[in-house]
Q: 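This structure is in structure tokens; I'll ask about it shortly.
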Amino acid sequence: MADQPKLFKVTIDNITVEVEAGTSILNAARMIGGDVAPPAMCYYSKLKGSGGKCRTCLVEVSAGSTADPRPMPKLVASCRTNVMDGMVVKNITSERVQDARKGVVELLLINHPLDCPICDQAGECHLQDLSYEHGAEGTRYEFPRRQFEKHNLGPYIQLHMTRCILCYRCVFTADQLTNKRVHGVLDRGDHAEIATYIEKALDNDFIGNVIDVCPVGALTDKTFRFKNRVWFLKPVDAHRNCPKCSGKVTLWHRGDEVFRVTGRKDQWGEVQDWICNDCRFEKKKTSDWVIDGPTKVSRHSVISANHYVDTVKPHEALPEVMGGRQPRLLMNIHSVSEVNKPTIDLSKIQGPAHSGDFKKGE
Amino acid sequence: MGRKLLLEKAHVPGIRSYDVYRREGGYRSVEKALKTMSPDQVTEEVKKSGLRGRGGAGFPAGMKWSFLAKPEGVPRYLVCNADESEPGTFKDRYLMEFIPHLLVEGLIVASYALGSNRTFIYIRGEYAWIVDILEQAIAEAKNNGWLGKNILGSGFDCEIYVQRGAGAYICGEETALIESLEGKRGNPRIKPPFPAVKGLWDCPTVVNNVETIAAVVPILNITGEEYAKIGVGKSTGTKLISACGNINKPGVFEIDMTISVEEFIYSEEYCGGIANGKRLKACIPGGSSVPILPANLLLKTAKGEARMMNYESLSDGGFATGTMMGSGGFIVLDEDQCVVRHTLTLARFYRHESCGQCSPCREGTGWMEKILKNIEYGKGKKSDIDLLWDIQRKIEGNTICPLGDAAAWPVAAAIRHFRDEFEWHVQYPNAAQNRNYGLAHYADPLPVAAAPKA
């Protein structure tokens, strides 16, 4: 019989799991799954050296190991701390962790533009999910948010530096997938930015993957820019014979049209295979692809929802912030579009929703 | 007069040159180590001396050396941290400028103990002229057979290289220093692995402060036991203190850690009292990162005992009523200084020097600076003080490297001890623009019953 790898017993939030030596706490927690898995904004299992920076995955180690059961004094980054045999970890059961995580989310958001309504990442943004789970309702930050000089990264990739949380994933991606990295982090501290020092376009067959690894809307697909919201698109798995990459992708359809192509993402939002720029940016016809079937999307995701039930009308805040005055009506959206009409029920429309569907009702 | 070990010969004319240094008894410790001792014996000697790291954390140097992994066939490195960038700390500069051979001598001995054949001095970029001084000292040492191949016929090879930094405070953090030394962006690494296992070019590495390395020389000369007798308790040997601020005699002083803070500030031998006949308001005794203390808590601990200039006494009472020895940057503030403005200056420094790698420090330092600016310029709100407290709490302990803590502590301590002054700034914004809060009650004797609540 082959040598059994040594298994370590680790208890996370009172759930014990056996994992191989050398596994990080985060990956052990992911094996348990569900709420126990800490959020990770910078760690990416397929990128060597990633993690440790965003501090959202902090957990409390209340016993280091069976041999040395002392607790670790500080919260540790679960993505970069390996389990020991007999380790006891608290994630959602620790108030300290919840408090620290709330603090990190607040700090991540103070300079974030919160421009989700016009951001292409909205709906599949890890920062949105994180803020929804751990963020506060309002901000205590009263200063102008950070701004940057604009950089042009070429015809395919759009950089919005204001949205960036400096996770370094794109830097690791370029380091590990391409032969020469031309972008990186310039400057330091709160004015650090992702840029190319000599205003060079990113052109490499695999550089498009930085779009997939970006947890926020800082790096987005220029060929998909402002074309559609992700929750109006239907993702299907597809493949093609690609000489450069595995060719296994997710196509994002609306009607017959392919709006964008991305890598296939797993439940942690990580791509299964890196795909090349040709597949991502050039092959935008259904005929280019062999469809494998619908993509499995978490039922909690807005993408799978694609309709709205039990919606609660948000608290009217406008008169409050306008000192008691009512807002003045400049344009009624209903006179321009039917989408927001209360009679329209998106869930009852057959197939993907088009503006034509709404006109039909008339 | 306290005993001097490091700066004893610093003012002998021409001590910077090899000939004078050697005539004054220099390089004896190298002879002793290489000819009569094994590397482990040298480490043992340093362990016995109880020498604590002089860079700020105060970790026992001998222990650090003994943690160094020694796998076969892998080079080991000693790196001397001369990236002295802490506001208020300038002791290493003094040492390297006046008596560079002491550092070179210490480096040879330490390299021998650790088995480092290539040893690096990482010096902050702003110390441009000291690079020349060190390189000259290294060249002289090499010409006289103290460096190079087979030193003193012992079979031990050693070269020392000087590498200049590019002006980043963060590169004084040991893993950021190693990254920078490797030619990369000076971002701290995530520990573990610690440098003792995987440091420079993934090889086992020890990073020591200049003063720590220099202290190895007297330890070998007078033996570790003798060295341990100087000082009190776990604060052994002598410590360089760079004193600055509102004192009559700013400068670098060598103390043997048996004197009180009061004596250090007021005696003619050291700081010579507060300048211009003013009164003492507050002091940061260990460089900008350590908590600031008001005069009453600085001179007496919460138990009512006189506070001494050593690691234990300065940290007596924890952060609630104590502070830290740190790197020995003794900053004195008199009654005319504004603590809010002072804290703002420090916050601006840390905002500027944060590497931007991990979120709490990158975002939090900037936020704290902006709020402090508002308070200082009369635009603050009362809730801002609690907000500041909350932000520093969320930075501290949640970052990759200690810079986050270093940024949080000064703000926390200022609010803890000088909350009245912050509130006065908020309440009387106009007055705060025109005059200072003054000494207030910060030097009043404390009731001895100020024992911490159970």
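Each chain gets a letter, A, B and so on, in the order the sequences are listed, and its residues count up from 1.
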Q: Give the minimum heavy-atom separation between B:Arg393 and A:Asp99, together with the two atoms involved.
A: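 B:Arg393 and A:Asp99 have their closest heavy atoms at NH1-OD2, 2.9 Å.
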Q: Determine whether A:Glu106 and B:Trp367 make a side-chain contact, defined as any pair of heavy atoms from C-beta on separated by less than 4.5 Å.
A: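 A:Glu106 reaches B:Trp367 side chain to side chain.
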Q: If only atom types and distance count, is the side chain of B:Arg362 paired as donor or acceptor with the main-chain N or O of A:Leu108 below 3.5 Å?
A: no
Q: Quick check for you: among B:Ile395, B:Asp390, B:Thr365, which has the greatest number of heavy-atom pairs under 4.5 Å with chain A?
A: B:Asp390
Q: Are B:Lys370 and A:Asp190 close enough for a salt bridge, meaning some N to O gap below 4.0 Å?
A: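 Between A:Asp190 and B:Lys370 there is no salt bridge, as every charged N stays at least 4.0 Å from the carboxylate O atoms.
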Q: I'd like to verify something: which residue of B:Gly364, B:Cys358, B:Ser383 has the highest number of heavy-atom pairs under 4.5 Å with chain A?
A: B:Cys358
Q: Would you mind telling me which of A:Leu58, A:Thr81, A:Asn82, A:Val104 has the largest number of heavy-atom pairs within less than 4.5 Å of chain B?
A: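 Most pairs with chain B among the choices: A:Leu58.
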Q: Below 4.5 Å from any heavy atom of chain A, which atoms of B:Ile371 appear? Answer side chain, backbone, both or neither.
A: both
Q: Short question: side chain of B:Arg185, backbone of A:Val185 - any donor-acceptor pair under 3.5 Å?
A: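 Yes; judged by distance alone, with no hydrogens or angles, the pair exists.
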Q: Between B:Glu353 and A:Arg188, is there a side-chain heavy-atom distance shorter than 4.5 Å?
A: yes
Q: Measure from the side-chain N and O atoms of A:Arg55 to the backbone N and O of B:Ser359, and report whether any donor-acceptor pair falls under 3.5 Å.
A: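 Absent.
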Q: Is B:Lys381 in contact with chain A via its backbone, its side chain, both, or neither, using a 4.5 Å heavy-atom distance?
A: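 For B:Lys381, the side chain is the part near chain A, not the backbone.
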Q: Heavy-atom distance under 4.5 Å to chain B: side chain of A:Ile110, backbone, both or neither?
A: side chain
Q: Counting heavy-atom pairs under 4.5 Å with chain A, which one of B:Ile400, B:Thr399, B:Asn374, B:Ile391 comes out on top?
A: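 Heavy-atom pairs under 4.5 Å are most numerous for B:Ile400.
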Q: Give the minimum heavy-atom separation between B:Pro360 and A:Cys54, together with the two atoms involved.
A: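 Looking at all heavy atoms of both residues, the closest pair is CD-O, 4.5 Å.
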Q: For A:Leu109, is it the side chain, the backbone, both or neither that has a heavy atom under 4.5 Å from a heavy atom of chain B?
A: neither
Q: Identify which of A:His191, A:Arg146, A:Lys102, A:Arg140 forms the greatest number of heavy-atom pairs closer than 4.5 Å to chain B.
A: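 The candidate making the most pairs under 4.5 Å is A:Arg140.
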Q: Measuring heavy-atom distances to chain B, does A:Tyr141 have an atom under 4.5 Å in its side chain, in its backbone, in both, or in neither?
A: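 The answer is both parts of A:Tyr141.
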